[in-house]
Amino acid sequence: MLDRRAFLLSGLAVYGASARELFAAGPALQSPRFPTSPFTLGVCSGDPADDSVVLWTRLALDPLNGGGMPAQPIEVQWQIATDDKLSRVVKSGKTIASPDWAHTVHVEVSGLQPHTWYWYQFRAGNELSPIGRTRTFPSARADVDRLRFAIASCQHFEAGLYTAYKHMAEEDLDLVMHLGDYIYESPGRDNLVRKHVGGELVTVDDYRNRYAQYRSDPALQAVHGLFPFLVVWDDHEVDNDYAGLYQEAGDPVEQFALRRAAAYKAYYEHMPLRRSSVPKGALLQLYRPFNYGRLASISMLDTRQFRTDQPCATILSAPCAGTIDPRATMLGPVQERWLMNRLDRSQAGWNLIGQQIPMAKLDRFAGPERRFSMDKWDGYAESRARLLRFLGDKKPSNPVTLAGDVHNNWVNDLRLNVDDPSTPIVATEFVGTSITSTGDGADKSPVMEAMISENECVRFANNQRGYVRFNLTPKELRADFRVVEYVSKPGSPIKTRASFVVEDGQAGAKEA
Ligand SMILES: [Fe+2]
């Protein structure tokens with residue numbers, strides 16, 4: 001099976017151009033005249049290091065219909081400055097927006113100062129992009145007082161308005177982590193808050209148009225224009241509940257590999273990712289390391305690409321033989337080793353793990369019967385046990401896992417043995433709610449009430465939309481659960497529903 005998988009994946013390498021082709025300067029249109037601005041999707045930045053950052057834009061005159069650009073490469077100029085008027089430009093250059101990559105632009109600017117705000121802008125022909133703002137990370141050895149960041153996930157366009165992002169744009173942040181379900185693959189449906197353009201996503205053009213529709217939202221554009229992002233995907237960037245090359249409804253793997261390659265290509269195109277993440281067919285390097293001075297090590301994980309198929313006959317199930325199969329894996333052996341090595345060597349005060357799927361063991365069924373979601377770490381119990389045992393043995397400093405996926409807020413204790421409440425807490429879990437997915441919320445759902453009382457590890461749960469804002473210092477990590485009242489109509493205010501604090505050296509969050 002592994003050989004067949006490797007063959008399938010490598011055979012697909014022809015599907016996307018190589019990194020060399022991508023960044024080679026072709027015969028490009030140097031001074032095109034556009035009827036209107038092609039910068040309809042705004043700008044964004046991401047994957048900061050202490051001396052570099054990725055700047056992104058896309059040229060799209062008709063963003064929801066394939067972009068509406070000539071089938072030619074187009075020259076794009078960029079500049080980056082230390083002031084918001086762009087009067088003190090420190091770097092500038094030219095790059096190519098290629099039709100092979102939907103006229104997207106990824107510039108990896110290097111030679112920047114650490115821990116510094118920058119402003120940037122693109123020019124194509126006679127048109128200027130909006131000005132974006134970004135920030136480099138501190139250098140690895142720097143003592144850093146604090147990191148302010150937010151986590152976001154699950155922004156189903158039809159389920160609601162991005163009011164949460166409107167409020168996030170008012171926050172004082174250094175960074176945003178997007179933990180997946182940036183788009184949803186479902187066809188347009190009537191009688192919802194908004195409507196997807198097109199049908200179920202299958203081809204690269206389908207996925208591109210969907211990213212364009214989401215990215216055309218002004219609140220999402222605003223947040224991208226203000227803060228650098230670290231992004232990782234979940235399932236809906238490809239297809240609901242997929243696992244590796246296994247599609248939910250059982251499509252043949254050859255067919256699904258093509259769809260996954262199309263989805264991964266459009267994901268790379270629209271995200272501020274480095275050259276190291278240029279997809280090779282149905283493979284894309286998404287798990288990656290970041291260091292925020294001595295304060296934080298950040299490991300961004302990929303819990304979709306390398307996992308084995310979900311165990312048991314149904315997604316919500318009592319544990320079955322497959323749940324404890326040691327061959328089952330959430331991260332794949334290579335990523336799992338990478339994460340453990342990284343945590344083992346880490347000198348940082350805090351070890352943040354940005355990923356998709358709740359890790360706590362959560363019985364999701366009210367009453368004595370116990371049922372778990374096999375799509376979460378609960379379906380991959382041996383993978384989770386290995387990681388928690390590792391944390392218990394090696395004791396990396398202050399491990400904190402950050403997840404999305406389930407469209408609710410949760411604070412959970414992660415114990416050395418999730419089945420034994422007498423074992424120590426080895427890590428703290430924060431699960432952030434959705435931006436919009438599942439629509440207007442209430443403080444708690446009935447199922448959630450039952451889950452709180454039936455699961456010892458839960459310290460907090462809430463079923464409203466929003467994001468989690470964090471303030472990390474050497475002494476503590478504070479989490480503020482920011483929630484909106486509704487997403488079905490504009491104008492909801494935002495409030496902090498609850499705040500939790502993890503103190504240095506003491507796993508497990510306490511209400512602040
Ligand atoms: Fe979701």
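Computed from a prediction, not measured in an experiment: that's the story for all the values here. Heavy atoms only: backbone and side chains are in, while hydrogens, waters and symmetry mates are out. Atoms within a ligand are numbered from 1 in the order they appear, just like the ligands themselves.
- If you count the protein N, O or S atoms nearer to the Fe ion (ligand 1) than 2.8 Å, you get 4.
- In this structure, Arg415 pairs ionically with Glu456, as a charged nitrogen and a carboxylate oxygen lie closer than 4.0 Å.
- At least one cation-pi condition fails for Arg497 and Phe481: the charged atom is not both under 6.0 angstrom from the six-membered ring centre and inside a 45 degree cone around its axis.
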If you look only at distance, which donor and acceptor atoms sit under 3.5 Å apart when one is on a side chain in residues 357-367 and the other is two or more places apart or in another chain?
unit_1: Lys361; atom_1: NZ; unit_2: Asp419; atom_2: OD1; d: 2.4
unit_1: Asp363; atom_1: OD1; unit_2: Phe365; atom_2: N; d: 3.0
unit_1: Asp363; atom_1: OD1; unit_2: Arg371; atom_2: N; d: 3.1

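- A cation-pi contact, defined as under 6.0 Å to the ring centre and within 45° of the axis, links Arg194 to Tyr162.
- Under the 3.5 Å distance criterion, the side-chain polar atoms of Thr428 are left unmatched by any main-chain donor or acceptor of Asp413.
- For the pair Glu200 and Arg259, the salt-bridge criterion is met [side-chain N within less than 4.0 Å of a carboxylate O].
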